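Everything quoted here is computed from the prediction, not taken from an experiment.
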Amino acid sequence: MNISKLPKLPIGIQAFSKIRDKKENYLYIDKTDIALELIKSSSYIFLSRPRRFGKSLFMDTIQEIFQGNKELFEGLHIYDNWDWDVKYPVIKISWAGDFTTLENLKIRTNGILRKNQTRLDIECENSDYPPSYFEELIINSYKKYNEKVVILIDEYDKPILDTIEDIEQAKINREFIKGIYSIIKDNDEYIKFTMLTGVSKFSKASIFSGLNM
């Protein structure tokens, strides 16, 4: 057996496009049937799983589906079961950074929203106040692309978990991101699909009770 020809294990890789690159020769177990079932079953999905469980890769897979990148899915279940002619604007929030102060959290949030704004090539005026910025990003994306918006939030609970030993700061962060997430509910008419992943279940700790909407 020629070991060099065996597919490589995609350990630690979160980009679906990299795994599907034939030059890279990574092993991929088709999960697009599960993705398709989730997309069709509900407009709002919450997935709670431990770290290193493949949540980010699965989220990236769903993003590639909604963005209509058909070539990445050749040979997979969803290839002949999805309308690739329709491409949806995707807003993705992936929390990473220093959340030890509210100011740091605000700066990081604006950075994430600005990255989405650049990728979607739209104009936003309310960039000073994150909730208004997020709302404008959703509405303007809908107007520009004439399709409802897909919102993907990876590790929804990270700004809380990263400060969990400082309970007061964790509560401050919780209230801030609750204000961000409430924008989704208020703009349901513009939204096609929303998915959140995280480590914590809402019901498992009182610190998360304020987010359980």
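Atom-to-atom distance recorded for H77:NE2 and L36:CG is 5.5 Å, nearest 0.5 angstrom. Here the CG atom belonging to L196 is positioned 12.5 Å from the NZ atom belonging to K55, to the nearest 0.5 angstrom. Here the CD atom belonging to E125 is positioned 11.5 Å from the OH atom belonging to Y133, to the nearest 0.5 angstrom. Note that CD1 of I65 is 9.0 Å distant from CG of L76, once rounded to the nearest 0.5 Å.
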Begin with the C-alpha distance, continue with both residues' side-chain angles, and end with the deciding distance and a verdict on salt bridge (Lys or Arg N to Asp or Glu O under 4.0 Å) for K178 and E175.
CA-CA 5 Å; K178 183 172 74 172; E175 292 306 304; 3.1 Å; yes

After noting the C-alpha distance and the side-chain angles of N140 and Y145, does the key distance pass the side-chain hydrogen bond (donor to acceptor under 3.5 Å, both in side chains) rule?
CA-CA 9 Å; N140 289 358; Y145 293 95; over 6 Å; no

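Under the ring pair (Phe, Tyr, Trp, His ring centres under 6.0 Å) rule, F73 has a single partner from F16, W82, Y28, which is F16.
Surrounding CD of E123 are at most 12 heavy atoms belonging to other residues, nucleotides or ligands under 6.0 Å away. The environment of NZ in K115 is sparse: at most 12 heavy-atom neighbours from other residues, nucleotides or ligands sit within 6.0 Å. For NZ of K143, the number of neighbouring non-hydrogen atoms (other residues, nucleotides, ligands) closer than 6.0 Å is 12 at most. Within a 6.0 Å radius of NZ in K192, no more than 12 heavy atoms belonging to other residues, nucleotides or ligands are found. Atom CZ of F193 has more than 12 heavy atoms from other residues, nucleotides or ligands within 6.0 Å.
Side-chain atoms of S42 never come within 3.5 Å of backbone atoms of L38 as a donor-acceptor pair (strictly under, hydrogens ignored). Between the side chain of N173 and the backbone N or O of P159, at least one donor-acceptor pair lies under 3.5 Å. A distance-only check finds a donor-acceptor pair linking the side chain of N187 to the backbone of I183 [under 3.5 Å]. Side chain of Q117 to main chain of I122: a donor-acceptor pair is present (N/O by atom type, distance under 3.5 Å, no hydrogens or angles).
For F46 and Y156, the ring centers sit closer than 6.0 Å to each other.
Because its NZ or CZ atom is both nearer than 6.0 Å to the ring centre of Y79 and within 45° of the ring axis, K70 counts as a cation-pi partner of that residue.
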I'd like a table of donor-acceptor pairs (distance under 3.5 Å, sequence neighbours excluded) in which one partner is a side-chain atom from residues 93-100, with atom names and distances.
{"from": "W95", "atom 1": "NE1", "to": "Y181", "atom 2": "OH", "distance (Å)": "3.0"}
{"from": "D98", "atom 1": "OD1", "to": "T100", "atom 2": "N", "distance (Å)": "3.0"}
{"from": "D98", "atom 1": "OD1", "to": "T100", "atom 2": "OG1", "distance (Å)": "2.7"}
{"from": "D98", "atom 1": "OD2", "to": "T100", "atom 2": "OG1", "distance (Å)": "3.4"}
{"from": "D98", "atom 1": "OD2", "to": "N104", "atom 2": "ND2", "distance (Å)": "2.9"}

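Remark: T197 engages D154 in a side-chain hydrogen bond (donor to acceptor under 3.5 Å, both in side chains) (not counting sequence neighbours).
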